[in-house]
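Notes follow once the structure below has been shown.
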Amino acid sequence: MKIVSNAQAMQKLSRSWHRAGETVGLVPTMGALHRGHMTLVETARKQNDRVVVSIYVNPTQFGPKEDFGKYPRPRREDLALCRAAGVDAVLAPETLYPPDFSTWVEETVQSKGRCAVSRPIHFRGVATVVLKLLNTALPDRAYFGRKDAQQVDVIERMVRDLDVPVKIVPVEIVRDSDGLALSSRNRYLSPEQRQQALILPHSLREAVKQKQPVAWLRRVLSRAPGMKVDYVESANGRLCAAVWVGKTRLIDNVKI
Ligand code: AMP
C-alpha cells in the first residue's frame with residue numbers, strides 16, 4: 001500500500017493506473033476509521049481495480065468554535081485498517097491548501113438549511129476539498145455515506161453542475177448493533193450519553209410511520225433527556241435530524 005503525501009504524486013500514480021487501463025475508486029475520509037468508512041472501502045474494492053482512501057481532517061469545513069483541534073487522528077490504526085482492506089493508496093497530505101489559497105466552490109441550493117444553519121461555512125469547505133480530492137486522485141467513482149445525507153446532496157449537485165467526470169456512489173448508513181449510526185465523533189460520548197443518544201435512531205425509525213414525521217420527531221427529541229435539538233427537517237426524500245448530546249453533535253437520517 002502506497003502512502004502519498006501530496007497532490008502531484010497522487011495524480012501521477014492515478015494517471016499511471018489509468019494508462020494501464022485500470023479503474024480507480026476514491027473514498028474521502030477524515031480518518032478515525034470505523035466500520036462505516038470500511039463499508040465504503042469494501043464497496044469501492046468490489047467496483048474498481050484500484051482503491052484510494054484519503055485521510056485528511058479538512059480545516060476549511062470546521063467553524064471557529066468546532067472540534068478541528070480535538071478531532072481524533074489515530075493514524076497508525078487507520079493505516080492498518082486500510083492495509084487489511086486491500087487499499088492501494090492512502091492519500092494523507094499534511095495540507096491541501098497553499099498559504100495564499102483564494103478559490104472556493106460554493107453550491108448554493110443543497111447547501112442551505114439543515115446542517116448549514118448551525119454550520120454556515122461547512123459545505124463550502126466540503127465542496128472545495130472534495131473537488132480538490134477528485135482533481136488529485138482522478139477517480140472513476142467516489143464513495144460517500146448516506147449518514148451525511150446533505151453532503152451527498154451537495155456533492156452530487158456540484159459534480160453535475162461543474163461537469164466533473166466522476167460517478168458519485170452513495171452508500172447506506174452503517175449502524176452499531178444498538179442502532180446508533182457509526183461516527184468518529186461517537187467516541188466523545190460517555191457511556192450515559194451514548195445511552196441517551198439512542199433515541200435519535202430509534203425515534204427516526206418511528207417518525208416515518210407517523211402522519212407528520214417532522215413535527216412528531218421534533219417533539220419527541222426535544223423532550224428526550226440529555227439532548228438538545230439542532231434541527232429536524234425532511235429533504236430530498238429523507239427525514240434528517242441533528243442533536244446535541246452534551247458537547248457532541250450527532251446527525252442521522254432515514255428514507256421517508
Ligand atoms: P468522515 O470521516 O466523517 O468525513 O466520513 C467519511 C465518509 O464516510 C463520508 O462519506 C461519510 O458519510 C461516511 N460515513 C461515516 N460514517 C458512516 C456510517 N455510519 N455509515 C455510512 N457511511 C459513513
Side-chain angles (χ1 to χ4, degrees), residues 25-47 51-63 66-68 70-75 77-79 81-82 85 87 90-93 96 110 114-115 119 122-134 137 139 141-159 166-189 194 197-198 200-201 204-205 235-236 238 240-242 248-255:
L26 170 68
V27 181
T29 81
M30 298 204 299
L33 301 179
H34 50 64
R35 205 157 40 80
H37 297 113
M38 298 325 286
T39 303
L40 269 62
V41 173
E42 282 158 25
T43 311
R45 186 66 285 167
K46 284 188 197 128
Q47 298 180 353
V51 175
V52 179
V53 173
S54 62
I55 299 180
Y56 181 58
V57 185
N58 172 39
T60 65
Q61 71 191 65
F62 287 79
E66 294 182 356
D67 57 346
F68 175 69
K70 77 162 184 173
Y71 199 85
R73 291 163 169 87
R75 184 54 53 88
E77 288 89 330
D78 284 350
L79 293 179
L81 282 170
C82 288
V87 168
V90 170
L91 173 63
L96 280 176
Q110 301 298 331
R114 289 185 279 173
C115 289
R119 309 188 75 188
H122 178 67
F123 290 111
R124 183 184 77 160
V126 168
T128 302
V129 82
V130 169
L131 186 59
K132 285 169 71 63
L133 290 167
L134 294 173
R141 302 180 187 83
Y143 297 79
F144 293 87
R146 290 244 190 245
K147 183 175 87 67
D148 300 273
Q150 190 173 8
Q151 174 168 283
V152 172
D153 296 338
V154 170
I155 300 301
E156 284 185 330
R157 181 63 62 92
M158 172 190 78
V159 160
V166 68
K167 181 174 168 45
I168 300 301
V169 183
V171 176
E172 265 321 309
I173 302 177
V174 180
R175 299 178 180 281
D176 234 327
S177 54
D178 57 10
L180 193 65
L182 294 176
S183 164
S184 308
R185 291 190 169 98
N186 290 352
R187 66 183 70 191
Y188 300 153
L189 300 170
R194 205 199 140 88
L198 291 181
L200 177 61
L204 267 165
R205 222 173 34 218
N236 303 332
R238 301 191 80 94
C240 305
T248 305
R249 187 171 173 281
L250 301 176
I251 58 173
D252 200 349
N253 66 88
V254 291
K255 198 165 187 281

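As a basis for the values below, the full set of heavy atoms in this structure was taken, side chains included, without hydrogen atoms, waters or symmetry mates. Residue numbers start at 1 and run along the sequence shown. We count ligands from 1, going down the list as the structure has it; atoms in each ligand are counted the same way.
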Only heavy atoms of [X], strictly under 4.0 Å: list the atoms of ligand 1 that pass.
X    : value
L182 : 16 (N), 17 (C), 18 (C), 19 (N)
V174 : 18 (C), 19 (N), 20 (N), 21 (C)
Q151 : 9 (C), 10 (O)
H34  : 15 (C), 16 (N), 17 (C)
L40  : 7 (C), 8 (O), 10 (O), 13 (C), 22 (N)
F144 : 10 (O)
M30  : 1 (P), 2 (O), 4 (O)

Is [X] close to ligand 1, meaning an N/O of one under 3.5 Å from an N/O of the other?
X    : answer
D148 : yes
I173 : no
A181 : no
S183 : no

4.0 Å heavy-atom contact, P28 with ligand 1 |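 Yes, P28 has a heavy atom closer than 4.0 Å to ligand 1.
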
Is E172 in contact with ligand 1, taking contact as a heavy-atom separation below 4.0 Å?
->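 Judged by the 4.0 Å heavy-atom criterion, E172 does count as contacting ligand 1.
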
Looking at F68, is R73 sitting on its ring face, NZ or CZ under 6.0 Å from the six-membered ring centre and within 45 degrees of the normal?
->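 Yes, a cation-pi geometry holds between R73 and F68.
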
So, is the end of the K70 side chain (NZ or CZ) under 6.0 Å from the ring centre of Y188 and within 45° of the ring's axis?
->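 Judged by the rule, K70 and Y188 form a cation-pi pair.
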
Sole candidate of R119, R185, R187 that passes salt bridge (Lys or Arg N to Asp or Glu O under 4.0 Å) when paired with D67 |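 Going through R119, R185, R187 one by one, the salt bridge (Lys or Arg N to Asp or Glu O under 4.0 Å) with D67 is satisfied by R185 alone.
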
